[in-house]
Amino acid sequence: MKWYKSLSFALLFLVTLANAQSANRFFYELTFKPKKGIDSLQKTVMILDVADKKSLYRDYLTVSQDSVLKIEVEKMQKAGVFKDLSKSFQMPKFAYKITKEYPTMKVNFSERMLNSVFGYNEEPKFNWKISNDKQKIGEYEAQKATTEFGGRKWTAWFTESIPFPDGPYKFSGLPGLIVKIEDAEKNFSWVLTANKPLKEFEELSYSEKLSAQFGARNDVTIINRDKFESSFEEYKKDPFASIRAQITPEMKAMKMPGNDKTMGEMMSDQEKSIKDFYNASNNTVEIYTPEKAKK
């Protein structure tokens, strides 16, 4: 029966990918330490959407609140009254996205910086060492593999019953989907918890499409990684640096529709929110330095 289940999944997977607009969504529970040197843990759900030509990895909260947001926006449109929805929804733990191109597994890492999206491309090489150790992870028979990546040592468990060489974050290259992976110090640990087919695969969330109507860009500007990392650090220190000179005192004094606050006050609130978001976590999956990147 095990071979039958594996074959059935493979056939379902191929049929799903035959439709260019469809995908399979894999749900991973991510347990992580947000702060360096502090053992307190947090959890969130990340998703890996596997389509025909690429996969897309992101925080599930990025898309899970779309239906509620759409309803609220439709209510505002009917009433003709603007409402600040920023406090009605949860912020995702991670704002970045990672896409992998098939079959090369070329990675694109991107993150929004105010009204623009910047990213870098890379082709990470994983020197996987596959052992004979096997273990059941959830409902899947999995096999052990180890590698070093991003300054950490990783142990992964993959299953050939989902015959796809992908996994969460940037990880790929094993003869089956990664169902569990964690680093030696357990800073980050992903476990596959569920999967489902998507009849319609959307790369952009409803909120991203909505923000585009107000001038935000969703296309990714590609720069080299060193420049990306330095630009990102500067953005976290001063999120509004790129537009600050364009905002006049008169504009700051304007009242925002549907809100008692001025534009200046709203900007201050948003700046604090962005800084708080990034200050809440300083422990990254990869221990990155420009010096290491150049080797």
Side-chain angles (χ1 to χ4, degrees), residues 26-48 57-65 86-87 89-98 107 109-114 118-120 122 124 126 135 137-138 144-157 167-172 178-194 225-226 228-241 268-293 295:
F26 297 93
F27 296 83
Y28 288 88
E29 182 180 75
L30 170 59
T31 303
F32 65 101
K33 296 178 184 178
K35 288 284 191 176
K36 296 176 182 177
I38 300 176
D39 288 336
S40 63
L41 298 172
Q42 292 187 17
K43 290 187 177 184
T44 192
V45 176
M46 307 297 291
I47 51 174
L48 179 71
Y57 170 83
R58 52 189 162 173
D59 194 313
Y60 183 46
L61 271 175
T62 304
V63 297
S64 63
Q65 302 174 105
S86 61
K87 295 182 180 179
F89 298 90
Q90 289 181 271
M91 285 284 289
K93 297 291 186 184
F94 300 94
Y96 60 77
K97 293 182 181 181
I98 296 174
V107 163
F109 183 104
S110 63
E111 181 123 15
R112 179 172 294 280
M113 300 184 199
L114 201 56
F118 293 89
Y120 61 86
E122 67 173 337
F126 297 100
Q135 181 177 321
I137 308 292
K144 183 180 178 181
T146 58
T147 191
E148 292 187 21
F149 172 72
R152 301 186 191 275
K153 295 179 180 180
W154 301 90
T155 297
W157 297 86
Y169 194 67
K170 298 177 182 178
F171 299 105
S172 66
I178 295 172
V179 294
K180 180 178 180 179
I181 183 167
E182 63 184 12
D183 68 291
E185 288 77 30
K186 300 189 186 309
N187 286 277
F188 295 87
S189 178
W190 291 264
V191 179
L192 180 69
T193 58
R225 184 164 183 181
D226 284 356
F228 173 88
E229 297 289 349
S230 61
S231 298
F232 190 45
E233 288 303 313
E234 290 302 315
Y235 168 71
K236 289 188 288 186
K237 293 175 185 176
D238 188 359
F240 286 92
S268 295
D269 288 349
Q270 188 175 358
E271 181 175 16
K272 182 179 184 304
S273 178
I274 293 171
K275 288 182 177 180
D276 288 347
F277 175 79
Y278 288 112
N279 288 336
S281 177
N282 65 0
N283 194 22
T284 54
V285 177
E286 297 174 65
I287 303 170
Y288 177 84
T289 62
E291 291 75 17
K292 287 183 180 179
K295 289 182 180 180

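The six-membered or imidazole ring of F94 lies away from that of Y57, with a centre-to-centre distance of 6.0 Å or more.
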Inset, instruction - Could you give me the CA-CA distance, side-chain angles and deciding distance for F109 and F228, then say whether ring-ring contact (aromatic ring centres under 6.0 Å, His included) is met? - result: CA-CA 10 Å; F109 183 104; F228 173 88; 5.8 Å; yes
Inset, instruction - Would you please test E185 and K33 for salt bridge (Lys or Arg N to Asp or Glu O under 4.0 Å) and show each step? - result: CA-CA 10 Å; E185 288 77 30; K33 296 178 184 178; over 6 Å; no
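Partners of E182 according to the salt bridge (charged side-chain N to carboxylate O under 4.0 Å, His left out) rule, which considers only residues two or more places apart in sequence or in another chain, are K186.
In this structure, T193 OG1 and I137 CD1 are separated by 13.0 Å, a value rounded to the nearest 0.5 Å. In this structure, OG1 on T284 lies 6.5 Å from CZ on F188, to the nearest 0.5 angstrom. Annotation: the span from Y120 atom OH to E229 atom CD amounts to 6.0 Å, rounded to 0.5 Å. Between the OH atom of Y278 and the CD atom of E233 there is a distance of 10.5 Å, given to the nearest 0.5 Å. Rounding to the nearest 0.5 Å places NZ of K237 at 12.5 Å from CZ of F232. Summarising the geometry, atom OG belonging to S189 is positioned 8.5 Å from atom CD belonging to E29; distances are rounded to the nearest 0.5 Å.
At least one side-chain heavy atom of I274 sits under 4.5 Å from a side-chain heavy atom of Y235. You'll find the side chain of I98 stays beyond 4.5 Å of the side chain of R58, heavy atoms only. With a 4.5 Å cut-off on side-chain heavy atoms, S231 and F118 do not count as touching. With contacts defined as side-chain heavy-atom distances shorter than 4.5 Å, the pair T44/P92 does not qualify. Here the side chains of P34 and Q42 are in contact, with some heavy-atom distance below 4.5 Å.
No more than 12 heavy-atom neighbours from other residues, nucleotides or ligands sit within 6.0 angstrom of NZ on K93. Within 6.0 Å of the NZ atom in K35, the count of heavy atoms belonging to other residues, nucleotides or ligands exceeds 12.
For the side chain to side chain donor-acceptor pair (under 3.5 Å) condition, the pairs that include at least one residue of residues 144-156, sequence neighbours left out, are R152-N283.
The minimum heavy-atom distance between G167 and I178, with the atom names listed, is CA-CB, 4.1 Å. Scanning both residues, P168 and I181, for their nearest heavy atoms gives CG-CG2, 3.9 Å. For the pair L192 and F27, the tightest heavy-atom approach, listed with the atom from each and the gap, is CD1-O, 3.3 Å. Across L61 and M91, no two heavy atoms sit closer than the pair CD1-O, 3.6 Å.
A donor-acceptor pair is defined here as one N or O able to donate and one able to accept, closer than 3.5 Å; such a pair exists between the side chain of S230 and the backbone of D226.
Under 4.0 Å is where a charged nitrogen must lie from a carboxylate oxygen, and between K275 and E271 at least one such pair does. A salt bridge links E286 with R225: the distance from a Lys NZ or Arg NE/NH1/NH2 to an Asp or Glu carboxylate oxygen falls below 4.0 Å.
Taking the six-membered ring where tryptophan is involved, the planes of F171 and Y169 are tilted, since the angle between them lies from 30° to 60°.
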